[in-house]
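These notes are about the structure you will find just below.
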Amino acid sequence: MPIAEVALDWFERNARDLPWRVPGVGAWPILVSEVMLQQTPVSRVLPVWTDWVRRWPTPAHLAADTAADAIRAWGRLGYPRRAMRLHACAAAIVERHDGEVPSRLEQLLALPGIGDYTARAVAAFAYGQRHPVVDVNVRRLAARAVSGAAEPGPATTPADLALVEGLLPAEPAVAARVSAAYMELGAVICTARNQNCADCPLTSSCAWLAAGRPASTGPSRRPQGYAGTDRQVRGLIMAELRGSSEPVPGDRIAVLWHLPEQRDRALASLLADGLVTRSGRDRFALAGETRQDSVMNTARLGD
DNA sequence: GACCCGTGGAC
DNA sequence: TGTCCAAGGGT
């Protein structure tokens, strides 16, 4: 039996009950879920996604509010640039596509914050198109079940896309469902830490299992690190600004970190990223918070 | 391709 | 406790 059929059968009986998978959910809520799920676990996305789609049920609703609203509602999901880009994405959809999430891959790819994975995911899951949807879960599953390697390569390659494309059935809507099944298997069964082969439906054909579950051969990727990095300092500053409805004076930011040079560098990078704006001489706020920002944004969008 | 970008939970 | 990891994207 083809791997697609086995995975789909397993998925129909074991899929997690996730709200963005409910039939009839629109392309916009699906797009929002995909962006939130970039590098962020499902359990943390669930409550934020629910708030977002209730508050901003369409791109036009989000575009009508400020980037600061989006960043604040993002809460502690992490990588707040995603919130800023999602806000810009909504504005771009309103401008370029009359408020409707586009369905073509190239149109999706041209939107802020939408890369190769997310474009394919939206085209497949929201519009039922036949595209290989290749995230790290799918690459890991393919590496093991098909290639017999313990771990996937460090980045998605054209070869990965071609390999997964060959694992999809012909019918587009079914192919999309199969992609969801592959992702689910990688997320729940064939994970990075564990290989729950006892619960895996693919054991009879798994190349890695057949080879005796050989250890990883490639170089181990270097650890991320966080404590003491600029990212931590940026996070502290963003948390302070999220928690304040008024612009925050510089001295309140100064006390957040003990190394002035690093603190200034973090603040400067937030300003450069457009996440933070300076208001007055020495006060700071989330970008889009102040009237001036709104005027600037309007001007920028208009040109 | 290398590097940067948050946050919290599991082990 | 520290390490690893989580549906990537942009530069």
Side-chain angles (χ1 to χ4, degrees), chain A residues 11 15-16 18-21 29-49 71 74-86 88-89 108-126 131-142 151-158 160 164 176 179-188 190-195 216 218-242 256 262 265-266 268-270 272-276:
Chain A
F11 188 61
R16 289 171 295 178
L18 302 178
W20 44 83
R21 286 180 182 159
I30 289 174
L31 187 154
V32 171
S33 79
E34 291 298 342
V35 172
M36 289 184 172
L37 287 163
Q38 292 167 3
Q39 301 285 283
T40 306
V42 166
S43 60
R44 292 175 52 206
V45 166
L46 279 170
V48 181
W49 179 85
I71 294 167
W74 194 258
R76 305 184 67 81
L77 272 190
Y79 292 141
R81 294 196 290 193
R82 292 183 293 166
M84 185 182 61
R85 289 175 181 147
L86 201 41
C89 178
L108 287 162
L109 268 173
L111 296 171
I114 307 299
D116 194 56
Y117 161 77
T118 305
R120 293 167 176 281
V122 170
F125 301 146
H131 299 290
V133 182
V134 183
D135 70 342
V136 69
N137 289 312
V138 175
R139 291 197 296 113
R140 186 172 53 245
L141 186 73
E151 300 298 334
T156 302
T157 65
D160 291 328
V164 174
S179 288
Y182 290 156
M183 291 176 63
E184 189 81 345
L185 277 170
V188 175
C190 199
T191 67
R193 285 185 196 275
N194 306 100
Q195 306 85 35
S216 175
S220 63
R221 48 178 190 177
R222 62 178 183 76
Q224 287 179 326
Y226 180 65
T229 63
D230 287 6
R231 293 156 72 194
Q232 183 184 15
V233 185
R234 285 166 56 106
L236 291 170
I237 296 173
M238 288 300 291
E240 180 74 16
L241 299 188
R242 276 200 308 271
L256 296 174
Q262 189 177 28
R265 185 169 66 237
S269 74
L270 289 171
D273 284 350
L275 280 165
V276 172

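By convention in this document, chain letters (A, B, ...) are assigned in the order of the sequence lines, proteins followed by strands, and residues within each chain are numbered from 1.
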| task | Test side-chain contact (heavy atoms from CB on, under 4.5 Å) on A/Met183 and A/Phe125 and set out the steps. | result | CA-CA 12 Å; A/Met183 291 176 63; A/Phe125 301 146; 3.7 Å; yes

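Atom CE in A/Met238 sits roughly 20 Å away from atom P in B/dC4 (whole-Å rounding). Protein atom CG of A/Asp273 is 8 Å distant from nucleotide atom C1' of B/dC5, rounded to whole Å. Here the P atom of nucleotide B/dC5 and the CG atom of A/Leu236 are 13 Å apart, to the nearest Å. Distance A/Asn194 CG to B/dC11 P: 7 Å, rounded to the nearest Å. A/Gln39 has its CD atom 12 Å from the C1' atom of B/dC4, to the nearest Å. Rounded to an integer number of Å, the gap from A/Arg44 CZ to B/dA10 P is 11 Å. In this structure, the OH atom of A/Tyr226 is 8 Å from the P atom of B/dG8, given to the nearest Å. The CG atom of A/Leu77 sits 18 Å away from the P atom of B/dC5 (whole-angstrom rounding).
Comparing C/dA7 with B/dC4, their P atoms are spaced 23 Å from each other, to the whole Å. Between the P atoms of C/dG9 and B/dG8, the separation comes to 23 Å (whole Å). Spacing between B/dC5 and C/dC5 at atom C1', rounded to whole Å, works out to 16 Å.
For A/Glu34 and A/Tyr117, the side-chain atoms include at least one donor-acceptor pair closer than 3.5 Å. A donor-acceptor pair shorter than 3.5 Å cannot be found between the side chains of A/Arg120 and A/Ser179.
At a threshold of 4.0 angstrom between heavy atoms, the contacts of A/Leu270 with the nucleic acid are absent. Backbone-only engagement by A/Gly115 is indicated by non-hydrogen atom pairs under 4.0 Å involving sugar-phosphate atoms exclusively. Using a 4.0 Å heavy-atom distance criterion, A/Thr118 is classed as a sugar-phosphate-only contact. Using a 4.0 Å heavy-atom distance criterion, A/Ala121 is classed as making no nucleic acid contact. In this structure, A/Trp20 reaches the bases: a heavy-atom distance under 4.0 Å links it to at least one base atom across the strands shown. Across all strands, A/Pro80 comes closer than 4.0 Å only to sugar-phosphate atoms, never to a base (heavy-atom distances). The residue A/Val138 sits apart from the nucleic acid: no heavy atom pair falls under 4.0 Å. Counting non-hydrogen atoms under 4.0 angstrom, A/Asp116 reaches the backbone sugars and phosphates but no base. Using a 4.0 Å heavy-atom distance criterion, A/Arg139 is classed as making no nucleic acid contact.
Remark: A/Thr40 OG1 to A/Trp49 CH2 distance equals 16.0 Å, nearest 0.5 Å.
At distances below 3.5 Å, at least one donor-acceptor pair connects side-chain atoms of A/Arg44 with backbone N or O atoms of A/Arg76.
Between A/Pro152 and A/Asp160, the closest side-chain pair of non-hydrogen atoms is not below 4.5 Å. In this structure the side chain of A/Tyr79 reaches within 4.5 angstrom of the side chain of A/Arg231, judged on heavy atoms. Under the 4.5 Å side-chain criterion, counting only non-hydrogen atoms from C-beta, A/Leu185 is not in contact with A/Cys190.
Read 5' to 3', the first and last nucleotides of DNA chain C with an atom closer than 4.0 Å to a heavy atom of chain A are C/dC4 to C/dG10.
The nearest heavy atom of DNA chain B to A/Ala155 and to A/Leu275 marks one nucleotide each, and the one closer to the 5' end goes with A/Ala155. Sequence order on DNA chain C of the closest nucleotides to A/Arg16 and A/Pro112 puts A/Arg16 first from the 5' end.
For B/dG8, the OP1/OP2 oxygens have a side-chain nitrogen or oxygen of A/Arg76 closer than 4.0 Å. Side-chain N/O atoms of A/Arg242 include one lying less than 4.0 angstrom from OP1 or OP2 on B/dT7. Remark: A/Arg193 is not in phosphate contact with B/dA10, judged by side-chain N or O atoms under 4.0 Å from OP1 or OP2.
Of all heavy-atom pairs spanning A/Ala15 and A/Arg21, the tightest one is CB-NH1, 4.0 Å.
At a cut-off of 3.5 angstrom, counting only N and O atoms as typed in the model, there is no donor on one side facing an acceptor on the other between the side-chain of A/Arg231 and the base of B/dT7.
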